[in-house]
Amino acid sequence: MSQKPTLPKGTRDFGPAQMGKRNFIFSAIKQVFEKYGFMPLETPAMENLSVLTGKYGDEGDQLLFKVLNSGDFLSKAKETDFAAGSKQLLPKISEKGLKYDLTVPFARYVVMNRHDLALPFKRYQIQPVWRADRPQKGRYREFYQCDADVVGTNSLICETEIILMINEVFAKLGIKDFDIKINHRKILTGITQAIGATGKESDFCVAIDKLDKIGIDKVLEEMKGRGISEEATQKALPILALTGTIEEKIAHLKNILQNSEEGLQGIKDLEEILETLKTFDLDQHHVDFDVTLARGLSYYTGAIFEVKVNNVSIGSVSGGGRYDDLTGVFGVPDLSGVGFSFGVDRIYDVMEELDIFPEEARTSTEVLIIHFDDESKKYGLSVLNQLRKVGIKSEIYPDSAKPKKQFDYANKKNISYTIVIGSDEIATQKLSFKNMASGQQEKLTLEEILKQLSKH
RNA sequence: GUGGUUGUAGUUCAGUUGGUUAGAACGCCUGAUUGUGGUUCAGGAGGUCGUGGGUUCGAGUCCCAUCUUCCACCCCA
(Lines give C-alpha, C1' and ligand atoms only; values in the text may rest on other atoms or scores of the structure.)
Protein backbone atom coordinates (compact mmCIF):
# COMPACT_ATOMS: atom_id res chain seq x y z
CA MET A 1 0.00 0.00 0.00
CA SER A 2 1.72 3.13 -1.16
CA GLN A 3 0.25 6.55 -0.56
CA LYS A 4 0.91 9.74 -2.45
CA PRO A 5 2.96 12.07 -0.29
CA THR A 6 1.82 15.66 0.09
CA LEU A 7 3.12 18.85 1.66
CA PRO A 8 1.43 20.62 4.55
CA LYS A 9 -0.70 23.54 3.47
CA GLY A 10 1.25 26.68 2.71
CA THR A 11 4.69 25.05 2.62
CA ARG A 12 6.94 24.50 -0.37
CA ASP A 13 9.96 22.58 -1.56
CA PHE A 14 12.72 24.53 -3.21
CA GLY A 15 14.34 22.65 -6.06
CA PRO A 16 17.88 23.31 -7.29
CA ALA A 17 16.74 25.93 -9.79
CA GLN A 18 14.80 27.83 -7.14
CA MET A 19 17.58 27.52 -4.59
CA GLY A 20 20.04 29.09 -7.02
CA LYS A 21 17.80 32.13 -7.23
CA ARG A 22 16.99 32.17 -3.54
CA ASN A 23 20.64 31.99 -2.59
CA PHE A 24 21.32 34.87 -4.93
CA ILE A 25 18.88 36.97 -2.88
CA PHE A 26 20.13 35.69 0.47
CA SER A 27 23.75 36.43 -0.33
CA ALA A 28 22.97 39.94 -1.57
CA ILE A 29 21.17 40.70 1.69
CA LYS A 30 23.82 39.06 3.83
CA GLN A 31 26.63 40.97 2.15
CA VAL A 32 24.92 44.29 2.73
CA PHE A 33 24.04 43.52 6.36
CA GLU A 34 27.62 42.57 7.13
CA LYS A 35 28.95 45.58 5.31
CA TYR A 36 26.97 47.75 7.72
CA GLY A 37 28.36 45.99 10.77
CA PHE A 38 25.56 43.57 11.60
CA MET A 39 26.51 40.18 13.05
CA PRO A 40 24.62 36.96 12.44
CA LEU A 41 22.32 35.38 15.02
CA GLU A 42 20.22 32.25 14.92
CA THR A 43 17.55 31.22 17.38
CA PRO A 44 15.62 27.94 17.65
CA ALA A 45 12.64 27.16 15.46
CA MET A 46 10.67 26.65 18.67
CA GLU A 47 10.19 29.04 21.52
CA ASN A 48 8.28 28.57 24.72
CA LEU A 49 4.74 29.73 24.26
CA SER A 50 5.19 32.06 27.23
CA VAL A 51 7.72 33.96 25.10
CA LEU A 52 5.50 34.15 22.04
CA THR A 53 1.96 34.66 23.26
CA GLY A 54 0.65 38.14 23.87
CA LYS A 55 3.27 39.79 21.66
CA TYR A 56 1.30 39.93 18.44
CA GLY A 57 -2.20 40.68 19.68
CA ASP A 58 -5.13 38.29 19.75
CA GLU A 59 -4.99 37.81 16.00
CA GLY A 60 -1.33 36.92 16.20
CA ASP A 61 -1.83 34.42 19.00
CA GLN A 62 -4.32 32.63 16.82
CA LEU A 63 -1.77 32.40 14.03
CA LEU A 64 0.85 30.72 16.21
CA PHE A 65 1.66 27.11 15.46
CA LYS A 66 1.62 25.25 18.75
CA VAL A 67 3.71 22.16 19.33
CA LEU A 68 2.14 19.31 21.22
CA ASN A 69 4.05 18.21 24.32
CA SER A 70 6.10 15.11 23.73
CA GLY A 71 5.13 11.81 25.24
CA ASP A 72 1.73 11.44 26.78
CA PHE A 73 0.57 14.98 26.14
CA LEU A 74 -2.78 14.37 27.80
CA SER A 75 -1.24 13.37 31.12
CA LYS A 76 -1.45 16.86 32.63
CA ALA A 77 -4.90 17.62 31.29
CA LYS A 78 -7.98 16.90 33.32
CA GLU A 79 -11.45 16.25 32.05
CA THR A 80 -12.49 19.63 33.38
CA ASP A 81 -9.83 21.34 31.25
CA PHE A 82 -11.14 19.57 28.21
CA ALA A 83 -14.66 20.62 28.97
CA ALA A 84 -13.56 24.23 29.47
CA GLY A 85 -12.50 24.53 25.84
CA SER A 86 -9.34 24.98 23.82
CA LYS A 87 -8.10 28.06 25.64
CA GLN A 88 -8.05 26.29 28.96
CA LEU A 89 -6.75 23.05 27.53
CA LEU A 90 -3.94 24.51 25.44
CA PRO A 91 -1.40 25.27 28.20
CA LYS A 92 -1.86 21.74 29.55
CA ILE A 93 -0.99 20.00 26.32
CA SER A 94 1.36 22.50 24.63
CA GLU A 95 4.26 24.50 26.01
CA LYS A 96 6.12 25.35 22.83
CA GLY A 97 5.36 27.03 19.54
CA LEU A 98 7.05 27.72 16.23
CA LYS A 99 8.41 31.23 16.04
CA TYR A 100 6.16 33.78 14.40
CA ASP A 101 8.78 36.38 13.57
CA LEU A 102 12.43 37.09 14.32
CA THR A 103 12.03 40.21 16.40
CA VAL A 104 10.52 38.68 19.52
CA PRO A 105 13.09 35.85 19.71
CA PHE A 106 15.72 38.54 19.23
CA ALA A 107 14.31 40.52 22.13
CA ARG A 108 14.36 37.35 24.22
CA TYR A 109 17.99 36.79 23.27
CA VAL A 110 18.95 40.34 24.17
CA VAL A 111 17.34 40.03 27.57
CA MET A 112 18.96 36.69 28.31
CA ASN A 113 22.40 37.87 27.21
CA ARG A 114 22.33 41.55 28.02
CA HIS A 115 25.41 41.41 30.24
CA ASP A 116 27.53 40.03 27.42
CA LEU A 117 26.32 42.29 24.67
CA ALA A 118 28.25 45.26 23.44
CA LEU A 119 25.59 47.93 23.13
CA PRO A 120 24.43 49.09 20.72
CA PHE A 121 23.99 45.53 19.54
CA LYS A 122 23.58 45.03 15.80
CA ARG A 123 22.43 41.66 14.60
CA TYR A 124 21.00 40.19 11.47
CA GLN A 125 19.01 37.00 11.31
CA ILE A 126 17.90 34.98 8.29
CA GLN A 127 15.57 32.16 9.25
CA PRO A 128 12.18 30.69 8.51
CA VAL A 129 9.15 31.69 10.54
CA TRP A 130 5.71 30.10 10.67
CA ARG A 131 2.21 31.48 10.68
CA ALA A 132 -1.00 29.48 10.67
CA ASP A 133 -2.48 31.93 8.20
CA ARG A 134 -4.57 30.96 5.25
CA PRO A 135 -2.17 30.87 2.35
CA GLN A 136 -2.52 33.00 -0.77
CA LYS A 137 -0.17 34.28 -3.41
CA GLY A 138 2.80 35.80 -1.60
CA ARG A 139 1.55 34.46 1.74
CA TYR A 140 2.86 31.22 3.03
CA ARG A 141 2.71 29.33 6.30
CA GLU A 142 6.46 28.88 6.30
CA PHE A 143 8.55 31.72 4.95
CA TYR A 144 11.92 33.35 5.47
CA GLN A 145 12.55 36.67 7.05
CA CYS A 146 15.83 38.56 6.87
CA ASP A 147 15.93 40.91 9.83
CA ALA A 148 18.51 43.48 10.78
CA ASP A 149 18.02 45.25 14.09
CA VAL A 150 19.99 47.62 16.28
CA VAL A 151 19.16 47.70 19.94
CA GLY A 152 20.44 50.03 22.62
CA THR A 153 20.61 53.37 20.84
CA ASN A 154 18.22 56.16 20.02
CA SER A 155 20.39 57.51 17.25
CA LEU A 156 18.55 58.26 14.05
CA ILE A 157 21.65 57.29 12.10
CA CYS A 158 20.22 53.76 12.34
CA GLU A 159 17.10 54.81 10.48
CA THR A 160 19.19 56.45 7.78
CA GLU A 161 21.31 53.34 7.49
CA ILE A 162 18.22 51.23 6.98
CA ILE A 163 17.33 53.39 4.00
CA LEU A 164 20.88 53.00 2.69
CA MET A 165 20.82 49.22 3.12
CA ILE A 166 17.49 48.86 1.34
CA ASN A 167 18.90 50.86 -1.54
CA GLU A 168 22.03 48.75 -1.71
CA VAL A 169 20.23 45.44 -1.57
CA PHE A 170 17.79 46.40 -4.29
CA ALA A 171 20.61 47.72 -6.44
CA LYS A 172 22.38 44.37 -6.10
CA LEU A 173 19.20 42.52 -7.01
CA GLY A 174 18.55 44.76 -10.01
CA ILE A 175 15.19 46.01 -8.74
CA LYS A 176 14.97 49.60 -9.92
CA ASP A 177 11.42 50.82 -9.57
CA PHE A 178 10.51 50.81 -5.91
CA ASP A 179 9.47 53.18 -3.12
CA ILE A 180 10.63 53.23 0.46
CA LYS A 181 7.64 54.61 2.25
CA ILE A 182 8.42 56.26 5.53
CA ASN A 183 6.24 57.67 8.25
CA HIS A 184 6.46 58.22 11.98
CA ARG A 185 4.25 56.86 14.68
CA LYS A 186 4.36 60.18 16.51
CA ILE A 187 3.14 61.99 13.41
CA LEU A 188 0.16 59.65 13.36
CA THR A 189 -0.48 60.36 17.02
CA GLY A 190 -0.15 64.06 16.31
CA ILE A 191 -2.69 63.86 13.52
CA THR A 192 -5.24 62.14 15.71
CA GLN A 193 -4.75 64.93 18.24
CA ALA A 194 -5.00 67.64 15.61
CA ILE A 195 -8.25 66.31 14.18
CA GLY A 196 -9.77 65.79 17.58
CA ALA A 197 -9.67 62.02 17.74
CA THR A 198 -7.19 61.68 20.58
CA GLY A 199 -6.91 58.12 21.84
CA LYS A 200 -8.37 56.68 18.66
CA GLU A 201 -4.94 56.23 17.17
CA SER A 202 -5.05 52.51 16.50
CA ASP A 203 -8.50 52.72 14.91
CA PHE A 204 -7.26 55.62 12.83
CA CYS A 205 -4.18 53.65 11.74
CA VAL A 206 -6.07 50.51 10.77
CA ALA A 207 -8.36 52.60 8.62
CA ILE A 208 -5.83 54.76 6.79
CA ASP A 209 -3.52 51.82 6.20
CA LYS A 210 -6.07 50.64 3.66
CA LEU A 211 -6.15 53.87 1.70
CA ASP A 212 -4.41 52.68 -1.45
CA LYS A 213 -6.49 49.52 -1.41
CA ILE A 214 -10.07 50.68 -0.82
CA GLY A 215 -9.98 54.39 -1.58
CA ILE A 216 -10.64 57.50 0.46
CA ASP A 217 -14.42 57.16 0.73
CA LYS A 218 -14.31 53.69 2.23
CA VAL A 219 -11.55 54.77 4.59
CA LEU A 220 -13.71 57.57 5.93
CA GLU A 221 -16.56 55.11 6.27
CA GLU A 222 -14.34 52.72 8.19
CA MET A 223 -13.24 55.52 10.50
CA LYS A 224 -16.83 56.34 11.33
CA GLY A 225 -17.48 52.66 11.88
CA ARG A 226 -14.62 52.63 14.34
CA GLY A 227 -16.04 55.46 16.36
CA ILE A 228 -14.21 58.46 14.93
CA SER A 229 -16.47 61.47 14.72
CA GLU A 230 -17.76 62.98 11.50
CA GLU A 231 -15.99 66.23 12.30
CA ALA A 232 -12.68 64.46 12.81
CA THR A 233 -12.88 62.51 9.58
CA GLN A 234 -13.60 65.73 7.69
CA LYS A 235 -10.51 67.26 9.25
CA ALA A 236 -8.48 64.20 8.33
CA LEU A 237 -9.47 64.39 4.69
CA PRO A 238 -7.02 67.09 3.53
CA ILE A 239 -4.19 65.49 5.50
CA LEU A 240 -4.64 62.14 3.80
CA ALA A 241 -4.78 63.84 0.42
CA LEU A 242 -1.39 65.53 0.91
CA THR A 243 0.71 65.66 -2.25
CA GLY A 244 3.96 67.16 -3.38
CA THR A 245 7.60 66.62 -2.53
CA ILE A 246 8.71 65.35 0.84
CA GLU A 247 9.68 68.89 1.83
CA GLU A 248 6.30 70.26 0.86
CA LYS A 249 4.45 67.59 2.77
CA ILE A 250 6.58 68.18 5.84
CA ALA A 251 6.04 71.94 5.67
CA HIS A 252 2.32 71.42 5.40
CA LEU A 253 2.16 68.99 8.29
CA LYS A 254 4.23 71.25 10.53
CA ASN A 255 1.46 73.73 10.21
CA ILE A 256 -1.26 71.19 10.96
CA LEU A 257 0.59 69.72 13.91
CA GLN A 258 1.74 73.00 15.45
CA ASN A 259 -0.12 72.29 18.69
CA SER A 260 1.01 68.71 19.00
CA GLU A 261 4.36 68.36 20.70
CA GLU A 262 4.47 64.69 19.81
CA GLY A 263 3.65 65.28 16.18
CA LEU A 264 6.33 67.92 15.84
CA GLN A 265 8.86 65.54 17.39
CA GLY A 266 7.99 63.00 14.71
CA ILE A 267 8.52 65.62 12.01
CA LYS A 268 11.84 66.58 13.52
CA ASP A 269 12.97 62.94 13.48
CA LEU A 270 12.05 62.59 9.83
CA GLU A 271 13.91 65.75 8.94
CA GLU A 272 17.01 64.53 10.73
CA ILE A 273 16.87 61.15 8.98
CA LEU A 274 16.59 62.82 5.60
CA GLU A 275 19.30 65.33 6.44
CA THR A 276 21.71 62.54 7.39
CA LEU A 277 20.84 60.74 4.21
CA LYS A 278 22.17 63.68 2.21
CA THR A 279 25.74 63.13 3.42
CA PHE A 280 25.74 59.73 1.71
CA ASP A 281 24.99 61.35 -1.66
CA LEU A 282 22.82 58.73 -3.30
CA ASP A 283 21.69 59.53 -6.83
CA GLN A 284 18.20 58.55 -5.86
CA HIS A 285 17.14 57.41 -2.40
CA HIS A 286 13.64 56.19 -3.34
CA VAL A 287 12.24 57.55 -0.07
CA ASP A 288 8.71 58.84 -0.02
CA PHE A 289 6.97 60.31 3.00
CA ASP A 290 3.56 58.68 3.22
CA VAL A 291 1.27 59.86 6.01
CA THR A 292 -1.07 56.96 5.30
CA LEU A 293 1.55 54.33 6.15
CA ALA A 294 0.60 52.85 9.50
CA ARG A 295 1.75 49.20 9.73
CA GLY A 296 0.07 46.71 11.94
CA LEU A 297 2.55 45.76 14.59
CA SER A 298 1.68 47.73 17.64
CA TYR A 299 5.12 47.90 19.17
CA TYR A 300 6.44 50.52 16.78
CA THR A 301 6.86 53.90 18.42
CA GLY A 302 9.06 55.92 16.05
CA ALA A 303 9.83 55.90 12.36
CA ILE A 304 8.16 53.18 10.33
CA PHE A 305 9.11 51.86 6.89
CA GLU A 306 7.64 49.80 4.18
CA VAL A 307 9.00 48.98 0.73
CA LYS A 308 6.81 48.48 -2.28
CA VAL A 309 8.05 47.44 -5.69
CA ASN A 310 6.08 49.25 -8.35
CA ASN A 311 4.15 47.60 -11.17
CA VAL A 312 4.00 44.13 -9.65
CA SER A 313 1.12 42.30 -8.02
CA ILE A 314 2.99 41.56 -4.78
CA GLY A 315 2.44 43.44 -1.53
CA SER A 316 5.22 45.00 0.50
CA VAL A 317 8.56 43.21 0.34
CA SER A 318 10.21 44.82 3.33
CA GLY A 319 9.21 46.72 6.39
CA GLY A 320 10.27 47.82 9.82
CA GLY A 321 10.52 50.62 12.29
CA ARG A 322 11.61 51.79 15.70
CA TYR A 323 10.29 50.37 18.93
CA ASP A 324 11.17 52.09 22.19
CA ASP A 325 10.41 49.29 24.53
CA LEU A 326 10.65 45.93 22.86
CA THR A 327 12.37 44.16 25.73
CA GLY A 328 10.09 45.70 28.33
CA VAL A 329 7.78 42.68 28.31
CA PHE A 330 10.78 40.55 29.28
CA GLY A 331 11.66 42.81 32.19
CA VAL A 332 14.28 45.05 30.62
CA PRO A 333 12.79 48.50 30.02
CA ASP A 334 14.13 51.51 28.14
CA LEU A 335 16.06 49.60 25.52
CA SER A 336 15.28 51.25 22.21
CA GLY A 337 15.64 49.37 19.00
CA VAL A 338 15.11 49.84 15.32
CA GLY A 339 14.99 47.20 12.70
CA PHE A 340 13.57 45.99 9.45
CA SER A 341 13.05 42.85 7.52
CA PHE A 342 13.21 41.64 3.95
CA GLY A 343 10.64 39.08 2.83
CA VAL A 344 12.72 36.82 0.63
CA ASP A 345 9.79 34.80 -0.68
CA ARG A 346 8.09 37.93 -1.88
CA ILE A 347 11.26 39.40 -3.34
CA TYR A 348 11.63 36.12 -5.21
CA ASP A 349 8.09 36.41 -6.57
CA VAL A 350 8.73 40.02 -7.58
CA MET A 351 11.96 39.17 -9.40
CA GLU A 352 10.27 36.24 -11.10
CA GLU A 353 7.39 38.45 -12.21
CA LEU A 354 9.82 41.06 -13.54
CA ASP A 355 12.03 38.32 -14.99
CA ILE A 356 15.22 39.93 -13.74
CA PHE A 357 17.16 37.02 -12.24
CA PRO A 358 20.66 37.20 -13.70
CA GLU A 359 22.42 34.28 -15.33
CA GLU A 360 24.67 33.88 -12.29
CA ALA A 361 21.65 32.92 -10.21
CA ARG A 362 21.33 29.77 -12.29
CA THR A 363 24.66 28.25 -11.43
CA SER A 364 25.11 24.70 -12.50
CA THR A 365 27.95 22.34 -13.25
CA GLU A 366 30.31 23.94 -15.76
CA VAL A 367 31.73 20.83 -17.36
CA LEU A 368 30.47 17.28 -17.86
CA ILE A 369 32.87 14.56 -18.91
CA ILE A 370 31.38 12.19 -21.45
CA HIS A 371 32.94 8.82 -22.21
CA PHE A 372 32.44 5.84 -24.50
CA ASP A 373 33.86 2.87 -22.66
CA ASP A 374 35.47 1.79 -19.44
CA GLU A 375 38.89 2.89 -20.53
CA SER A 376 37.78 6.41 -21.45
CA LYS A 377 35.72 6.64 -18.28
CA LYS A 378 38.80 5.86 -16.24
CA TYR A 379 40.81 8.40 -18.21
CA GLY A 380 37.97 10.86 -17.64
CA LEU A 381 38.37 10.50 -13.90
CA SER A 382 41.91 11.83 -14.05
CA VAL A 383 40.73 14.73 -16.22
CA LEU A 384 37.98 15.38 -13.68
CA ASN A 385 40.55 15.51 -10.92
CA GLN A 386 42.53 18.14 -12.81
CA LEU A 387 39.44 20.25 -13.42
CA ARG A 388 38.44 20.20 -9.78
CA LYS A 389 41.98 21.01 -8.65
CA VAL A 390 41.65 24.39 -10.32
CA GLY A 391 38.16 24.89 -8.91
CA ILE A 392 36.02 24.20 -11.95
CA LYS A 393 32.59 22.83 -11.12
CA SER A 394 32.68 19.54 -12.94
CA GLU A 395 31.32 16.03 -12.95
CA ILE A 396 31.60 12.82 -14.89
CA TYR A 397 28.64 10.79 -16.05
CA PRO A 398 28.89 7.93 -13.58
CA ASP A 399 27.32 5.13 -15.62
CA SER A 400 28.41 3.60 -18.87
CA ALA A 401 25.76 4.87 -21.22
CA LYS A 402 25.18 5.91 -24.76
CA PRO A 403 26.47 9.34 -25.62
CA LYS A 404 22.93 10.51 -26.31
CA LYS A 405 21.97 9.83 -22.77
CA GLN A 406 25.02 11.61 -21.44
CA PHE A 407 24.40 14.64 -23.63
CA ASP A 408 20.76 14.70 -22.59
CA TYR A 409 21.90 14.82 -19.00
CA ALA A 410 24.15 17.79 -19.77
CA ASN A 411 21.28 19.61 -21.48
CA LYS A 412 18.86 18.97 -18.71
CA LYS A 413 21.28 20.29 -16.11
CA ASN A 414 22.10 23.26 -18.27
CA ILE A 415 25.80 22.38 -18.27
CA SER A 416 27.76 24.77 -20.48
CA TYR A 417 30.59 22.52 -21.67
CA THR A 418 31.27 18.86 -22.24
CA ILE A 419 34.57 17.07 -22.68
CA VAL A 420 34.15 13.99 -24.82
CA ILE A 421 36.71 11.25 -24.32
CA GLY A 422 37.20 8.12 -26.42
CA SER A 423 40.12 6.08 -27.70
CA ASP A 424 41.19 8.80 -30.19
CA GLU A 425 41.39 11.39 -27.47
CA ILE A 426 43.42 9.12 -25.25
CA ALA A 427 45.80 8.30 -28.07
CA THR A 428 46.34 11.90 -29.21
CA GLN A 429 46.04 13.53 -25.76
CA LYS A 430 43.68 16.00 -27.40
CA LEU A 431 40.24 16.05 -25.87
CA SER A 432 37.02 17.01 -27.64
CA PHE A 433 35.86 20.17 -25.92
CA LYS A 434 32.31 21.11 -26.78
CA ASN A 435 30.34 24.27 -26.18
CA MET A 436 26.83 22.99 -25.56
CA ALA A 437 25.09 26.24 -26.47
CA SER A 438 26.75 26.78 -29.84
CA GLY A 439 27.45 23.14 -30.63
CA GLN A 440 31.02 23.98 -31.56
CA GLN A 441 33.61 21.41 -30.73
CA GLU A 442 37.39 21.46 -30.97
CA LYS A 443 40.22 19.15 -30.07
CA LEU A 444 42.37 20.65 -27.35
CA THR A 445 44.89 19.51 -24.80
CA LEU A 446 43.72 19.55 -21.20
CA GLU A 447 45.89 22.59 -20.56
CA GLU A 448 44.26 24.50 -23.38
CA ILE A 449 40.86 23.57 -22.04
CA LEU A 450 41.74 24.82 -18.57
CA LYS A 451 42.93 28.06 -20.12
CA GLN A 452 39.65 28.42 -22.03
CA LEU A 453 37.55 27.76 -18.95
CA SER A 454 39.44 30.19 -16.78
CA LYS A 455 38.34 32.98 -19.12
CA HIS A 456 34.72 32.49 -18.16
C1' G B 1 -11.23 32.39 11.69
C1' U B 2 -15.49 33.89 7.55
C1' G B 3 -17.10 33.48 2.32
C1' G B 4 -15.97 31.63 -2.46
C1' U B 5 -12.86 28.68 -5.96
C1' U B 6 -9.88 24.51 -7.77
C1' G B 7 -8.29 19.22 -8.17
C1' U B 8 -8.39 14.20 -14.50
C1' A B 9 -1.12 10.93 -17.16
C1' G B 10 5.38 13.45 -14.91
C1' U B 11 3.37 18.75 -16.53
C1' U B 12 -0.50 22.02 -18.78
C1' C B 13 -5.30 21.08 -19.86
C1' A B 14 -9.95 18.64 -22.87
C1' G B 15 -13.88 15.31 -21.41
C1' U B 16 -21.31 17.06 -24.26
C1' U B 17 -28.20 16.77 -20.39
C1' G B 18 -24.93 11.04 -15.99
C1' G B 19 -24.22 6.20 -20.80
C1' U B 20 -19.42 1.31 -24.02
C1' U B 21 -12.58 0.58 -23.43
C1' A B 22 -11.16 8.52 -20.02
C1' G B 23 -8.27 11.97 -24.57
C1' A B 24 -4.56 15.87 -26.52
C1' A B 25 -0.10 18.56 -26.27
C1' C B 26 4.50 18.71 -24.04
C1' G B 27 7.72 15.58 -21.26
C1' C B 28 9.54 10.39 -20.56
C1' C B 29 11.34 5.48 -22.68
C1' U B 30 12.91 2.62 -27.27
C1' G B 31 14.51 2.77 -32.25
C1' A B 32 16.00 5.20 -37.12
C1' U B 33 21.85 6.88 -35.55
C1' U B 34 27.20 0.88 -31.93
C1' G B 35 31.97 8.29 -31.50
C1' U B 36 28.16 13.33 -30.35
C1' G B 37 22.88 16.33 -27.47
C1' G B 38 19.04 20.32 -28.98
C1' U B 39 15.81 19.13 -34.96
C1' U B 40 12.95 15.34 -37.56
C1' C B 41 10.41 10.59 -38.06
C1' A B 42 8.39 5.79 -36.17
C1' G B 43 6.88 3.09 -32.01
C1' G B 44 5.94 2.52 -26.63
C1' A B 45 4.99 3.11 -21.46
C1' G B 46 2.21 5.93 -18.15
C1' G B 47 -4.53 7.43 -15.02
C1' U B 48 -7.20 3.93 -7.63
C1' C B 49 -10.30 10.80 -12.39
C1' G B 50 -7.43 14.42 -4.73
C1' U B 51 -9.48 11.07 -0.69
C1' G B 52 -13.79 8.76 1.82
C1' G B 53 -18.89 8.05 1.75
C1' G B 54 -23.79 8.51 -0.80
C1' U B 55 -27.66 8.80 -5.00
C1' U B 56 -28.29 5.69 -9.56
C1' C B 57 -29.26 -0.01 -13.65
C1' G B 58 -24.83 3.07 -14.57
C1' A B 59 -20.73 8.64 -11.70
C1' G B 60 -14.70 11.90 -14.13
C1' U B 61 -19.82 14.23 -14.47
C1' C B 62 -24.93 14.77 -9.27
C1' C B 63 -24.98 15.13 -3.43
C1' C B 64 -22.23 15.17 1.48
C1' A B 65 -17.69 15.17 4.19
C1' U B 66 -12.46 15.81 4.16
C1' C B 67 -7.74 17.33 2.18
C1' U B 68 -5.43 20.56 -1.41
C1' U B 69 -5.03 25.07 -4.75
C1' C B 70 -6.11 29.91 -5.75
C1' C B 71 -9.06 34.41 -4.44
C1' A B 72 -11.65 38.07 -1.20
C1' C B 73 -12.12 39.53 4.06
C1' C B 74 -9.19 39.67 8.68
C1' C B 75 -4.27 40.35 9.17
C1' C B 76 0.48 40.43 7.29
C1' A B 77 6.58 39.32 4.78
Side-chain angles (χ1 to χ4, degrees), chain A residues 1-12 25 29 56-64 86 99-103 126-147 202 205-206 209-210 213-214 218 222 294-298 305-309 313-320 339-350 368-373 375-376 397 400-427 431-443:
Chain A
M1 271 289 164
S2 72
Q3 57 165 29
K4 278 186 192 166
T6 54
L7 282 173
K9 189 201 278 269
T11 65
R12 299 146 300 153
I25 300 173
I29 293 172
Y56 312 105
D58 287 347
E59 295 271 358
D61 286 354
Q62 258 189 341
L63 297 181
L64 284 174
S86 351
K99 64 174 171 247
Y100 179 90
D101 72 357
L102 301 179
T103 313
I126 300 180
Q127 287 192 274
V129 299
W130 294 268
R131 294 183 189 179
D133 208 354
R134 232 186 240 199
Q136 282 178 41
K137 185 172 191 178
R139 305 178 70 163
Y140 307 99
R141 287 186 145 182
E142 178 185 65
F143 62 97
Y144 275 71
Q145 286 191 331
C146 307
D147 276 33
S202 65
C205 288
V206 170
D209 204 33
K210 298 176 183 169
K213 220 172 182 180
I214 62 176
K218 293 243 169 126
E222 172 129 7
R295 290 189 61 77
L297 290 172
S298 46
F305 306 94
E306 196 160 285
V307 182
K308 174 86 178 77
V309 180
S313 60
I314 318 283
S316 72
V317 294
S318 174
F340 74 115
S341 178
F342 287 108
V344 179
D345 303 84
R346 284 194 176 175
I347 292 175
Y348 181 100
D349 288 345
V350 164
L368 176 72
I369 294 171
I370 290 176
H371 46 81
F372 291 102
D373 50 39
E375 198 192 339
S376 56
Y397 196 84
S400 300
K402 289 183 180 173
K404 177 176 164 56
K405 199 161 185 184
Q406 301 186 48
F407 277 108
D408 279 346
Y409 176 79
N411 282 331
K412 218 171 283 179
K413 269 188 91 165
N414 209 2
I415 294 173
S416 322
Y417 300 97
T418 51
I419 294 175
V420 186
I421 301 174
S423 49
D424 291 358
E425 282 80 359
I426 298 175
L431 311 179
S432 299
F433 181 62
K434 183 164 191 170
N435 179 325
M436 291 301 284
S438 67
Q440 278 180 353
Q441 180 173 322
E442 50 186 331
K443 294 225 168 180

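The model shown is predicted, which means the values in this text are computed figures rather than measured ones. Reminder, nothing fancy here: chain letters follow the sequence lines and each chain counts from 1. In what follows, every heavy atom counts, from backbone to side chain, and hydrogens, waters and symmetry copies are set aside.
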Classify the side chain of A:Asn411 versus the base of B:G37 as yes if they form a donor-acceptor pair under 3.5 Å and no if they do not.
yes

Presence of donor-acceptor pair under 3.5 Å, side chain of A:Glu425 and base of B:G35
yes

When A:Pro8 and A:Tyr140 are each assigned the nearest nucleotide of RNA chain B, the 5'-most assignment goes to A:Pro8

Between B:C29 and B:G35, how many Å separate the two C1' atoms, rounded to a whole number?
23 Å

Any donor-acceptor pair under 3.5 Å joining the side chain of A:Arg131 to the base of B:C76?
no

Any base atoms under 4.0 Å from A:Gly319, or only sugar-phosphate, or nothing? Heavy atoms, all strands.
nothing

Rounded distance in Å between the P positions of B:A24 and B:U66
37 Å

Suppose we call a contact any N or O donor and acceptor under 3.5 Å apart; does that hold for the side chain of A:Lys434 and the base of B:G37?
yes

Protein-nucleotide distance (A:Gln136, atom CD; B:C76, atom P), rounded to Å:
14 Å

How close or far is atom P of B:U40 from atom NZ of A:Lys404, stated in whole angstroms?
12 Å

Stacking here means centres under 5.5 Å and planes under 30°; does A:Phe143 stack on B:A77?
yes

Rounding to the closest angstrom, what is the interatomic distance between B:G15 and B:A59 at atom C1'?
14 Å

Let me know which of A:Val344, A:Ile25, A:Ile347 forms a side-chain contact (heavy atoms from CB on, under 4.5 Å) with A:Cys146.
A:Val344

B:U69 base to A:Arg134 side chain: any donor-acceptor pair below 3.5 Å?
no

On RNA chain B, more 5' by nearest nucleotide between A:Asp133 and A:Gln441 is A:Gln441

A:Ser432 vs A:Glu425, test: side-chain hydrogen bond (donor to acceptor under 3.5 Å, both in side chains). Steps then yes/no.
CA-CA 7 Å; A:Ser432 299; A:Glu425 282 80 359; 2.6 Å; yes

Going by heavy atoms in the side chains, are A:Phe305 and A:Ser318 under 4.5 Å from each other?
no

Let's test this: given Watson-Crick or G-U wobble pairing with both distances under 3.5 Å, identify the partner of B:A24.
B:U12

